Amino acid sequence: MVRVLGWLVMAFAVAPREVTQGNVQRIMYVHVPLILASYLAFGVLAVASLVYLVRRDPGADRLAHASGEVGVMFVGLGIATGSIWGKPTWGTWWTWDARLTSVAILFVMYLGYLLLRGTIEDPERAARYCAVLGIVAALDVPLVHFSVYWWRTLHQPPSLMKPGGFAGSSSILWPLLVNLVAFALLYAYLVARRVRLLRAEAEATA
Amino acid sequence: MPDNWGFVAAAYGLTAAVLLWYWRRLAKKERELERVNAGSETTVAERSREPSKTGHPRPEPSPRTPLQ
Amino acid sequence: MSYARRALAVAWKDLAVERRSKETLNALVFFSLLLLFVFQFTLGGDRERLAAVLPGVLWLGFVLSALLALGRTFLVEREHDCWEGLLLAPGDKSAIYLGKLAGNLALMLVVEALVLGLFVVFFDIDLGRALPGLLVVVALGTLGLASVGTLFAAMTANVRARELLFPVLLLPVQVPILLATVKATEALLLGEPLGAVAHWVKLLVAADTVYLVVSLLTFDVVLEG
Amino acid sequence: MNLDPIIRVTDVRKVFGLVPVLDGVTLEVRGGEAVALLGANGAGKTTLLKILATLLRPTRGTASVAGHDVVREPEAVRALIGVVAHGAWVYDDLTARENLTFWATLGGLATGPDDVAAALAGVGLERAADARVRTFSAGMKRRLSLARVMLGRPRVLLLDEPFAGLDQRARKWLEGRLEAFKAAGAALLMATHSFGRELGVADRLAVLAGGRIALDTARGALGPDDVQRLYAAHAEESL
């Protein structure tokens, strides 16, 4: 059943493409949900890390691990689609635009999370250290946003065509919302599967 | 705004490709784990490598068939 | 009361070991001289280019020496196998964190003073009015670097490839500190009063508070080794 | 020797990765009693000591010191135990006196300079009190860590190969010290893989093999060679 849900979500996520008028702006329907879903993933990671520190429950650690993985994949894709979108719009693959920069820092920060998890052999110690890093990173996100935002806007007016402008006519908003739900479901599905795999791996070695 | 279908296709294509790659990796690992568990209790299940990051998948070690 | 005494004991021990072995201090002093020469060769004579790049270069020097100093925080414990001793000392472990933090701060401030002094002399910059403001920014920035740095140093102390892992984990998290300090220094060096960079200073204070609180609360989980 | 056991280990299992180092260990040590834990290298002696010292969490089973569970009440356990392990917990760049003062302060003990001086005299290090520990021999470092333990007046002593690397005179001296601890009512658990005279301190011998306690017997009049034979019989049989 879960696999069916997965495929349904995949198809669903691509569906809205036809609804809007064809132009490059349509990348937004993938770029924005990816970024928002990754925030969801890192939020879940932080909460799961906190639960792990309090209750030392391996299930919470597995959820944090899975959520971190999917989150890094989503934010990585978000950056890629963002820069693909930037090329025609601004003529360059990358601009140090406030949103793209803070998302890029997020990507590197949580990539470090996965690296830390990969480096420590003892699962119990890895869980503990990653929980601490997960919380520190989550608390750091608002600080990153503020500092990057001030750094960009105080010196250079926000770029003309600010990608991912949330305001917009309802014809833009509706497919965006649909896609957002689709990617959130996709996130939940992938994490659920990854958690099951982690549990199976743990049982295999226990 | 010129109609750059190429870029739209690239963005969607990349997203679908990476998601598919991750989905297939999960499925592969699940099958691998089932085979090892079903294989025999005595063999030591080779802990599969930590999943790699997106974008530049680490070369997967060739999965040795567990010694019977 | 014993909390403060225990923190002081850890700080005193680290500084005493450092004063006698001088391992880290020598490395840092040599490193700052190296940094100075590299920047001297690359930036050389012309003044405008130097003035434009100075804040970045200065903080690059501070951050790199911070990475060296912070990375070695638990080296003495690891080498002399005293890690378990710290762990088995009863009582709140955050005292050990504060002791280590104080030791690190002292070391980093000494090196920063040296780097700043060398820069002023060799690039003959007149800090003049900017100095008081600069000291505030440097102090807050250093605290930000040291607070998370000490926590992450404990985390990566007995992990393989720790020299690589430590900067990779620390630098992204420290982006707010890096941005705030470089931008504030830039404004100060252009002669603006501290008030002009009040928002950066507020961000630094907020960041330092968040980092200190989180580190104090999670340190004993990390020390468990 | 009062009756209720201070150290209580029930069915402790510890797995590293895939290897079960301890597989259902049960052991008790009463106050004023010393138990020698014998076993080959890698049999899990150090692992068991580390679990009791709250440095490692058991995968399964429970362990407690004076009624405090090592996993749930680590702080309570840490206040009661003295650990003398391979690493003597000494900072080479500090002097013996500074080392003791540091560990005493860190342990929250109200020890003044004269207590430290007395502890150093107690272990025969008064002359080397202000020398850098870097210059100390293994035996002197062992004495220093014992002085550190004595400052805390522990109710339980966990010793990992305490006699390793000591000359004859130092062995004799250490035996006396351990007897003093026992007389004061402390419980001693000493991991060792030598069968020499120093086993004289032990009231009971426990052989750790195959992850379990293969033999737990009073030492009584057993000489070194009897112990060797018993150990060989039990150690091989359970491998």
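Chain identifiers are assigned alphabetically (A, B, ...) following the order of the sequence lines, protein sequences preceding nucleic acid strands; residue numbering begins at 1 within each chain. These numbers come from the heavy atoms of this one structure, side chains and all, not from hydrogens, waters or symmetry mates. Note that the structure is a prediction, hence the values are computed from the model and not measured.
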Contacts table for residues 131-142 of chain A: side-chain donor-acceptor under 3.5 angstrom, sequence neighbours left out:
| residue | atom | partner | partner atom | Å |
| --- | --- | --- | --- | --- |
| A:D140 | OD1 | C:Y211 | OH | 2.5 |

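- A:E69 CD to B:Y22 OH: the interatomic distance, rounded to the nearest 0.5 Å, is 3.5 Å.
- The two residues B:L19 and A:M73 make their nearest non-hydrogen contact at CD2-CE, 3.8 Å.
- With rounding to the nearest 0.5 angstrom, the CD atom of A:E201 is 10.0 Å from the CD atom of B:E30.
- The shortest side-chain heavy-atom distance between A:I84 and B:V8 does not fall under the 4.5 Å cut-off.
- Taking each heavy atom of B:L33 and A:A200 in turn, the nearest pair found is CD2-CB, 3.3 Å.
- In terms of the side chain to side chain donor-acceptor pair (under 3.5 Å) criterion, residue partners of A:S102 (sequence neighbours excluded) are, by chain and number, A:H145.
- Of all heavy-atom pairs between A:A80 and B:L14, the closest is CB-CD2, 3.4 Å.
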